[in-house]
Participant: 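Below is a structure I'd like to ask you about.
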Amino acid sequence: MKYYIIAGEASGDLHGAALVKGLRQVDAAANIRCWGGDKMEAAGAVLVRHYQKMAFMGFLEVVKNIGPIRRNFIDAKADILQFQPDVLILIDYPGFNLRMAKWAKKQQLKVFYYISPQIWAWNTGRVRIVKQFIDRMFVILPFEKAFYAKHQVEVDFLGHPLMDVIPRFEGQKDFCKHHHLDERPLVALLPGSRQQEIRLMLPTMLQLIDRYPDFQFAIAAAPSIPLSFYKSLCKGQTVPLIQGNTYDLLQQADSALVTSGTATLEAALFGTPQIVCYKGNPISYLLARQLIKVDYISLVNLILNRPLVTELIQNDFHLPRLTAEFDRLQSPNFRQTLASGYAELRNGLGEAGAGKRAAEQMFLLLSQ
């Protein structure tokens with residue numbers, strides 16, 4: 001069969017690669033084209049456009065890049081029509097992919113969605129788009145199945161694809177030596193993946209360094225951000241910048257400060273005690289608070305439906321509070337509580353093989 005997959009971010013490329021591998025295993029004749037990244041290409045898909053040319057996040061950035069975004073839509077539609085796939089598979093990236101779903105159904109194409117947009121967090125009205133334009137939704141968070149059931153939408157929960165990746169991860173053996181890390185407890189700083197959030201998060205995180213000389217700190221630098229940008233925020237402080245090796249850093253870290261996002265779940269799956277941090281533009285934050293319908297911002301707490309990890313959001317993210325929570329994070333009793341919660345979290349995410357199970361279910365549906 002012919003499969004066309006669209007992923008617009010690094011995480012979509014990672015999870016899309018597992019799906020591509022699964023499709024090639026269950027369908028020996030699979031012909032796969034994709035918008036994604038290096039991982040999907042390495043898995044066996046023909047890469048049409050890299051996600052780095054699609055990753056426009058935030059209102060202002062979208063407005064400034066409206067021309068390239070429009071061109072991406074035009075190019076994707078033309079390539080899909082030329083390829084004539086048996087199914088269009090959309091991975092997360094809702095701003096682009098929900099619009100593509102509407103168009104695809106008008107072309108009478110079958111549409112599957114792998115990794116649901118977070119419509120359970122805000123703008124739940126978009127459920128009607130799922131009902132009308134998507135033939136099947138495959139979700140990766142256990143509570144999403146119940147959310148969709150409330151809206152009379154049948155979805156498949158087949159496990160979280162990170163369970164394929166992190167339990168099998170083998171870190172760099174000489175990682176600490178290579179990055180000149182010593183024997184002191186290591187604190188991983190994950191300030192985000194976009195310049196605007198890094199600029200707001202990292203300076204406060206770095207203030208801990210002078211307060212805790214018995215710890216060493218290292219920054220997980222996003223591959224797409226120049227190291228010179230991080231250095232400009234360090235203001236003379238010597239902090240190791242570790243680019244493209246976040247999993248190695250989390251595996252070695254004694255604790256972590258993590259900007260909200262998928263990284264909170266990744267840190268938990270590595271068993272790393274963490275504090276979740278988030279600070280945004282004040283006006284954007286106030287607007288978001290009016291729209292967001294969930295009680296927590298970290299995936300860890302959302303999945304467990306209770307406040308296991310500390311969340312320091314907006315005005316709570318300041319040095320005195322961060323210091324107090326960092327001290328609490330060193331408590332053996334609190335660490336044991338975290339470890340028990342992390343174990344419960346892992347049990348709820350399903351077994352390894354989510355990508356292959358999704359591929360099998362997709363192939364079955366297409367074969368009927």
Side-chain angles (χ1 to χ4, degrees), residues 1-8 12-37 39-48 76-94 96-117 127 129-142 144-145 147-149 151-165 349-368:
M1 293 188 192
K2 296 165 73 173
Y3 307 85
Y4 203 105
I5 306 176
I6 298 179
D13 180 40
L14 174 66
H15 303 324
L19 181 64
V20 169
K21 290 177 184 176
L23 289 170
R24 288 169 59 83
Q25 288 175 342
V26 299
D27 182 0
N31 183 2
I32 306 171
R33 287 175 73 81
C34 77
W35 288 44
K39 291 180 173 61
M40 292 174 72
E41 184 176 34
V46 175
L47 182 62
V48 179
K77 292 173 183 177
D79 197 56
I80 291 168
L81 289 175
Q82 188 278 327
F83 186 58
Q84 284 296 301
D86 293 286
V87 64
L88 173 64
I89 303 172
L90 306 171
I91 300 180
D92 201 0
Y93 200 55
F96 189 91
N97 277 338
L98 288 176
R99 289 179 62 186
M100 288 302 301
K102 293 181 182 180
W103 171 84
K105 290 307 295 180
K106 292 178 182 177
Q107 311 307 312
Q108 298 184 326
L109 292 171
K110 188 171 287 291
V111 181
F112 291 162
Y113 213 117
Y114 184 51
I115 305 180
S116 170
V127 171
I129 298 175
V130 174
K131 281 185 173 182
Q132 188 173 355
F133 300 107
I134 295 165
D135 294 287
R136 195 71 165 196
M137 174 72 75
F138 301 83
V139 302
I140 63 172
L141 299 173
E144 290 177 320
K145 191 172 179 69
F147 166 79
Y148 278 108
H151 295 275
Q152 296 78 50
V153 179
E154 184 179 357
V155 302
D156 294 287
F157 170 67
L158 302 170
H160 198 290
L162 280 180
M163 297 302 290
D164 285 335
V165 180
L349 291 177
E351 298 178 355
K356 185 178 180 182
R357 287 192 292 274
E360 290 170 343
Q361 183 68 4
M362 290 179 185
F363 183 68
L364 178 64
L365 290 169
L366 292 170
S367 301
Q368 292 175 349

Participant: Determine whether more than 12 heavy atoms belonging to other residues, nucleotides or ligands lie under 6.0 Å from atom CD of Q84.
Facilitator: yes
Participant: Locate the shortest heavy-atom distance separating A359 from G22; write the atom from each residue and the value.
Facilitator: CB-C, 3.3 Å
Participant: Work out which heavy atom in A358 is nearest to a heavy atom in Y114; give both atom names and the distance.
Facilitator: CB-CE1, 3.8 Å
Participant: Identify which one of I80, D92, I89 satisfies the side-chain contact (heavy atoms from CB on, under 4.5 Å) criterion when paired with I6.
Facilitator: I80
Participant: With R33, which residues qualify under salt bridge (charged side-chain N to carboxylate O under 4.0 Å, His left out), at least two apart?
Facilitator: D79
Participant: Can you name the closest pair of heavy atoms from A101 and I134 and give their distance?
Facilitator: CB-CG1, 4.1 Å
Participant: Could I get the full list of side chain to side chain donor-acceptor pair (under 3.5 Å) partners for K2, not counting sequence neighbours?
Facilitator: none
Participant: Measure the NZ-CZ distance between K356 and R24 for me, rounded to the nearest 0.5 Å.
Facilitator: 14.0 Å
Participant: Answer whether the closest heavy-atom distance between the side chains of L349 and L162 falls below 4.5 Å.
Facilitator: no
Participant: Any idea which heavy atoms bring D13 and K39 closest together, and the distance?
Facilitator: OD2-N, 3.2 Å
Participant: So do the side chains of L47 and M40 get within less than 4.5 Å of each other, counting heavy atoms only?
Facilitator: no
Participant: With sequence neighbours excluded, tell me which residues meet side chain to side chain donor-acceptor pair (under 3.5 Å) with D164.
Facilitator: none
Participant: How long is the span from the CG atom in D156 to the CZ atom in F138, to the nearest 0.5 Å?
Facilitator: 5.0 Å
Participant: Measuring from atom OH of Y93 to atom CH2 of W35, what distance do you get when rounded to the nearest 0.5 angstrom?
Facilitator: 9.0 Å
Participant: So Y148 and S116, do their side chains get closer than 4.5 Å, heavy atoms only?
Facilitator: yes
Participant: Is there side-chain contact between L98 and Y113, with heavy atoms separated by less than 4.5 Å?
Facilitator: yes
Participant: When you compare the side chain of P117 with that of M137, does any pair of heavy atoms fall below 4.5 Å?
Facilitator: yes
Participant: Extract all donor-acceptor atom pairs below 3.5 Å that involve side chains of residues 103-111 and protein atoms in other chains or at least two apart in sequence.
Facilitator:
| residue | atom | partner | partner atom | Å |
| --- | --- | --- | --- | --- |
| K105 | NZ | L109 | O | 3.4 |
| K105 | NZ | D135 | OD1 | 3.2 |
| K105 | NZ | D135 | OD2 | 3.0 |

Participant: Who pairs with D27 by side-chain contact (heavy atoms from CB on, under 4.5 Å), at least two apart in sequence or on another chain?
Facilitator: M1, Y3, A29, A30, F363
Participant: Tell me, do P161 and I140 make a side-chain contact under 4.5 Å, heavy atoms counted?
Facilitator: yes
Participant: Ignoring hydrogens and angles, tell me if any N or O in the side chain of K131 forms a donor-acceptor pair with the backbone of Q152 under 3.5 Å.
Facilitator: no
Participant: Measuring from K77:NZ to M100:CE, what's the distance to the nearest 0.5 Å?
Facilitator: 6.5 Å
Participant: Which atoms form the tightest heavy-atom contact between V155 and K145, and what is the distance?
Facilitator: O-NZ, 2.8 Å
Participant: Got a donor-acceptor contact below 3.5 angstrom from the R357 side chain to the A352 backbone?
Facilitator: yes
Participant: Is any side-chain heavy atom of F112 closer than 4.5 Å to one of L366?
Facilitator: yes
Participant: Flag the pair H151 / V130 as yes when at least one side-chain heavy-atom distance between them is below 4.5 Å, and no otherwise.
Facilitator: no
Participant: Within the side chain of N97, is there an N or O that forms a donor-acceptor pair under 3.5 Å with the backbone of I91?
Facilitator: yes
Participant: Going by the rule side chain to side chain donor-acceptor pair (under 3.5 Å), which residues pair with E360 if we only count those two or more places apart in sequence or in a different chain?
Facilitator: none
